[in-house]
Amino acid sequence: MKTSDWLKKYNIYLKKSLGQNFLATEVYAKKIVQKSGITSEDTVIEIGPGAGTLTESLAKTGAKIFAFEIDQRLKPLLEERFQNYNNVNIQFIDFLKADLSNFEKPKYVANIPYYITSPILEKIFLETPNFQLATLMVQKEYGDRMLAKSGKNYSPLSIFVQFFCDVEKLITVPPHAFIPNPKIDSVVIKLTPKENIPDIDKNKFFKFIHISFSQRRKTIKNNLKQLFGDKTEEILKKCNIDSKTRPENINIDQFINLFNISKSYNK
């Protein structure tokens with residue numbers, strides 16, 4: 001059956017409050033799985049299987065699939081759809097509250113809601129640091145920010161993601177591939193963990209980044225004055241950063257160096 005038929009069968013109407021735009025086109029589900037390189041040897045965590053379109057393509061690889069679905073209304077639908085797949089385990093709990101400590105080197109594949117993308121990324125990076133890759137479908141705007149190295153789309157999110165992972169765009173998915181149709185394209189992003197992550201206080205570093213971008217149209221000197229006062233110019237000089245530079249034009253390595261040098265200064 002088509003995804004739309006499954007939804008009609010169980011009289012399920014999708015909720016905007018849960019950011020529900022379900023992938024409904026098998027062609028794109030197959031592309032995502034193919035691009036992810038999933039094999040029968042893998043353990044896959046899917047976040048929000050929805051009506052199961054992507055889940056079914058994942059299941060056909062023979063991999064062990066663990067799917068987390070928050071919407072209890074989908075339980076009878078998913079249980080029927082996957083009753084003949086012994087490699088699919090669906091847990092009807094909030095992924096953000098799930099215990100991931102028992103997963104060894106999982107791969108993530110998911111179509112995730114825009115409004116909780118950042119909390120999901122934080123959970124993946126911090127609670128399963130040994131994950132092999134994450135293939136995530138997000139709204140194009142969000143994907144552009146994850147990929148950006150500089151310019152208007154470059155943001156604390158860009159730095160957060162690129163601090164932990166190499167980022168690659170795989171495919172663009174048009175609105176007609178979903179139920180209901182969103183207003184904009186989605187993109188599938190592949191995140192591959194970096195082998196060597198800088199040994200710094202991550203919480204303090206990301207707070208530092210948010211302050212650096214607090215007024216993105218202002219200069220880096222203006223934003224960092226709230227931390228370092230009249231010492232800001234001196235710190236920037238030590239880092240070879242022009243005080244008139246905007247944060248969107250400072251790359252991640254420069255920010256790491258700036259953070260490390262600034263630690264010895266107090267306002």
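Index from 1, following the sequence.
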*Which distance, rounded to the nearest 0.5 Å, do you find between the CD1 of I189 and the CG of L121?*
10.5 Å
*Among pairs that include at least one residue of residues 88-103, which meet side chain to side chain donor-acceptor pair (under 3.5 Å), considering only residues two or more places apart or in two chains?*
D99-S101
*State which residues pass side chain to side chain contact (heavy atoms under 4.5 Å, CB included) with N257; sequence neighbours excluded, sorted by chain then number.*
C239, I261
*Listed partners of A59 passing side chain to side chain contact (heavy atoms under 4.5 Å, CB included), at least two apart*: Y85, N87, V88
*How many angstroms lie between atom NZ of K31 and atom OG of S57, to the nearest 0.5 angstrom?*
12.5 Å
*Okay, side chain of T53, backbone of L23: is any donor-acceptor separation there less than 3.5 Å?*
yes
*For E41, does the CD atom have more than 12 heavy-atom neighbours from other residues, nucleotides or ligands under 6.0 Å away?*
no
*Do the charged groups of R73 and D71 touch, with an N to O distance under 4.0 Å?*
yes
Ignoring hydrogens and angles, write down the donor-acceptor pairs under 3.5 Å from the side chains of residues 163-179, residues two or more places apart or on other chains.
from, atom 1, to, atom 2, distance (Å)
K169, NZ, T172, OG1, 3.3

*Please work out whether the ring planes of Y265 and F228 are parallel, tilted or perpendicular, with thresholds of 30° and 60°.*
perpendicular
*Neighbour count >12 (heavy atoms, 6.0 Å) for atom NZ, K60*: yes
*Return the set of residues passing side chain to side chain contact (heavy atoms under 4.5 Å, CB included) with R216 (not counting sequence neighbours), or none when no residue passes.*
S155, F213, E248
*Atom NZ in K218, atom CG in L224: separation rounded to 0.5 Å?*
14.0 Å
_Between K2 and E26, does any NZ, NE, NH1 or NH2 come within less than 4.0 Å of an OD or OE carboxylate oxygen?_
no
Let me have the donor-acceptor pairs involving side chains of residues 126-152, under 3.5 Å, with sequence neighbours excluded, atom names and distances please.
from, atom 1, to, atom 2, distance (Å)
E127, OE1, K123, NZ, 2.8
E127, OE2, K123, NZ, 3.2
T128, OG1, Y108, OH, 2.9
T128, OG1, I124, O, 2.8
Q132, NE2, K105, O, 2.8
T135, OG1, S36, OG, 3.1
K140, NZ, D144, OD2, 2.9
Y142, OH, S118, N, 3.2
Y142, OH, S118, OG, 2.4

